[in-house]
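Take a look at the structure below.
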Amino acid sequence: MSQALDEVKIGGLGSSRQRVEDARFIRGRGNYIDDLKLPGMLHMEILRSPLAHARIISIDTSAAWAIPGVRLVLTGEMAAQRNLAWMPTLSYDTQAVLATDKVRFQGQEVACVVADDPYIAKDACEAIVVEYEPLPVIVNPIQSLAPDAPLIRDDKEGQTDNVCYRWEVGDKQGTDRAFAQADHISRLKLHYPRSHPSPIECCGSVADYNAATGKLTVYMTTQAPHIIRAAVALVAELPEHMIRIVSPDLGGGFGNKVPVYPGYVCSILGSILTGKPVKWIEDNFGNLISTGFGRDMYLDSELALRKDGKILAVRFHADTDQGAFFSDAQPSKFKIGLVHSAFACYDIPVGHITARGAYTNKAPGGVAYRCSFRVTEAMFFQERMIQAAAADLGMDQAQFRRINLRRADDFPARTPFGFLVDSGQYHKCLQLGLDAIGYEDFKREQAQARSRGRRLGIGISTMTEPLGAGNSREYDILGIKMFDSAELRVHPTGKAILRTGAKTQGQGHETTWAQIVSHELGIPADDVIVEEGDTDTAPFGMGTYASRSTPVAGAAVSMVARKVRAKARKLAAHLLEVSEEDIEWELGRFYVRGAARRGVTIQECAMAAYTNMPDGMEPGLENNAYYDPPNLTWPFACYIATVEVDPETGVWDVLRVVAVDDCGVRINPMIVEGQIMGGLAEAYAMANMQFMTYDADGNMIGANYIDYLLPTAWETPGFELHEVVTPCPHHPIGAKGVGECAAVGGPAAFVNAVMNALEDTGVRNIDMPVLPDRVWQAIQTGRDVSGAPPVRQD
Ligand code: MCN
Ligand code: CUM
């Protein structure tokens, strides 16, 4: 008779175990960067440029130096003496650490002060006198790519225009041929506005260079500590083993904490020069004006359609506004991230994409904000194009998707842009969503309401998202291959510590990784402690972004636990005095085949590994695993929103939101649902209220939370969640990533719903955010609000 443990009871797969990290977070006992206080620690503040584009004539720091308590005033010139005025970015560009020649965006770092306390440092920044000569300002790609545009990156040898990259993928000739045969061509121009990840905690660092030992320890808000260590080793020319990067508790990341920011580098330089630990804590203003912007992409697209609704081909061109420096992280082969994952869930024979990045006088943009390398833009464009095409053909939007979505027996399949999609039940997800929202009933209700002058709308968004880069053959950042790792040590009493190369920012890795160990070994999840983020102790990994943790590090956790189980099996054979071939496993226990009562627990094996191992066996019960995934994971989602638009005011209210997510096997269903709800809240905000705009002089409108809106519980609608489970065929426990799906697929559901409500007005598109004045204007004029760069006048 089986004596296997009950997996859900011990906190294994499928258990909605409470988040262990919350025990400290909700009691105010987290250890965030600003909680850290080192003996003798100094404080750093950054002076930022008030102008968007200007030549620096002079910088006078004498008054700042004269303030008591000031220890260091650092300028670009001084950084240049150490070869640190510029740093390489994660996209093979360069970025100014402190400006020397010009400032290229409002908020750019010009100087910094290190002082005894943060207030002195702030006062001293204000005492620095910088003389600027203003230059013409460029705030969008249309200005930037105009023939007479002033050159922004005159620091770069050979750069004669403002093009930052060009990129192309697909089959141009084949696509042209397919378009020539189309019955109808559906066109759409869109802009995905610049947005900000807005984690609760801004960026910050405490750099501690010890001149006696030569060791540099940097505590910092990073989602990818090992990449930072490698980058510091290369940029600061310090030996890698003398660098320790520690990422403590993070108050959210959402992609904001992937890039390397000048503030980090300045605090390191500050510590080296003063010989003391130096703390830099970015304020909300600094965070909103200078770091981590997502999107800002323009799309010009066409779908070739057959009368019966079949999509024959897709082509589009994307222009991205990269700001002054190309500093987003993305796999080095793909200049515009994974935008070419667009249409991966549809069966489209051929396609062609061209893309161009433009430098502008804005803060570096293009950082993935809850987005697997620009997949958010890809899926938004895709689903807007799909809806517009259905409307153009006069076809029902659900039926149009049914005709074109890949079928469950159509895997594996190559997309026209080279991805291998390996699994999915797209039609089942769509149908579940339609049933849940009551699609046919809603359409009847909509028609009745219309006859009474009310405008109801329903929007669908279906998408599959490539999550979990690598494989290492195709994906690398600065040449470092994208795999990940886990290390597991089981102590004599059967308790364990697990470390991975990922870095949680609130996703709950401390909870879910223990559940994977529990599933593989039968050790209760409560007996496994999880640690991430310290490069001196964690195995090398590429960090957490692009929802890669479960697909890659999570797989490594499974694999290392299996290695440990393999050794435990040998110990069990020894303890039970039978040969290994006669040993069977059930959760938490090995037993003798044919004599199930004779068995030993995993804990007994752990003890034996230290007290009673067979002759010749290496003591201990621990191992590590590096995991290079064979493919990306392909979660699928169907999001459906219903809205009512008030034609008098342009205001739209959400009636219902239904979400069907297929992220494969769910490790912790409660955490997955939390991820989906959080993502939908962000999606709603992007569709409804958020954008970063600039005026014609490059002044950023929105460097505060009065102009840049975060949704609160008050305006965020409720979400109805459903699931389909298609296990990932290559992941050891069948899981796929999920952390970004709802933020990626959600926005189009809301926008499509509003557009559906306006279908009879002739308006085909209103760019996000779908603000009431835009809706009102579109209804009044019958014209799109489309593809134009927003420049604020107010
Ligand atoms: N999970 C699960 N079962 C699955 C898939 C995931 O139980 N089949 C769990 C995971 O174990 C993990 C969480 O769900 O605890 C998210 O897993 P995954 O999809 O692997 O994503 P990552 O852990 O790599 O997180 C990154 C992703 C990204 S890129 C952004 S941006 C984002 C997001 O997560 N930032 C977040 N969600 C966030 N949530 C919080 N609270 N804070 C952020 O900064
Ligand atoms: Cu894409 S934002 Mo997240 O990848 O950290």
Side-chain angles (χ1 to χ4, degrees), residues 12-17 19-22 25 195-201 221-224 249-259 292-295 328-330 337-338 366-377 465-469 477 484 500-516 519 530 532 541-555 557-558 629 633 635 661-679 681-682 723 725-728 731 733-744:
L13 281 197
S15 152
S16 282
R17 186 180 179 227
R19 293 171 28 120
V20 291
E21 41 273 87
D22 288 353
F25 293 163
S195 57
H196 195 278
S198 308
I200 295 177
E201 180 202 34
T221 49
T222 177
Q223 299 177 216
D249 285 336
L250 296 180
F254 302 106
N256 189 189
K257 292 169 179 168
V258 175
F293 294 94
R295 338 292 192 224
D328 35 330
Q330 50 211 345
L338 304 186
V367 164
Y369 154 33
R370 209 155 186 184
C371 165
S372 182
F373 310 117
R374 292 208 183 264
V375 166
T376 313
E377 292 95 309
E465 189 191 3
L467 294 182
I477 288 183
D484 229 287
T500 85
K503 173 58 204 171
T504 186
Q505 314 130 42
Q507 293 88 345
H509 294 178
E510 288 170 53
T511 307
T512 48
W513 294 168
Q515 294 185 244
I516 299 178
H519 167 72
V530 175
E532 293 179 337
M542 291 299 274
T544 289
Y545 41 87
S547 302
R548 62 187 300 279
S549 304
T550 300
V552 197
V557 174
S558 265
T633 70
D661 280 87
D662 180 352
C663 60
V665 172
R666 297 183 176 196
I667 304 162
N668 183 319
M670 176 194 70
I671 285 186
V672 168
E673 290 186 0
Q675 289 290 314
I676 293 166
M677 289 192 196
E682 289 180 312
E723 73 172 316
V725 177
T726 315
C728 172
H731 188 279
I733 55 168
K736 311 180 192 187
V738 75
E740 296 157 312
C741 292
V744 169

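Both ligands and their constituent atoms are indexed starting at 1 by order of listing. Throughout, residue positions are numbered sequentially from 1 according to the sequence presented. If you're wondering where the values come from, they're calculated on a predicted model, not measured in any experiment. Values reported hereafter were calculated over all heavy atoms of this structure, with side chains retained and with hydrogens, waters and symmetry mates removed.
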Can you figure out which of [options] has its heavy atom closest to [atom]?
{"atom": "atom 19 (O) of ligand 1", "options": "L13, V738, V744", "answer": "V738"}
{"atom": "atom 30 (C) of ligand 1", "options": "R370, R17, Q675", "answer": "R370"}
{"atom": "atom 8 (N) of ligand 1", "options": "T376, V665, I667", "answer": "V665"}
{"atom": "atom 26 (C) of ligand 1", "options": "Q507, R548, E673", "answer": "Q507"}

Ligand 2 contacted by E740 (non-hydrogen, < 4.0 Å): yes
C371 near ligand 2 by a heavy-atom separation under 4.0 Å: yes
E510 with R19: basic N within carboxylate O range, under 4.0 Å: no
Backbone or side-chain N or O of T512 under 3.5 Å from ligand 1 N or O: yes
Geometric N/O contact H509 with ligand 1, under 3.5 angstrom: yes
R548 to Y545, cation-pi by 6.0 Å centre distance and 45° axis angle: yes
Closest contact, heavy atoms only, L250 versus T221: CD2-CA, 3.5 Å
Passing option when Y369 is tested against E682, H196, E740 for side chain to side chain contact (heavy atoms under 4.5 Å, CB included): E682
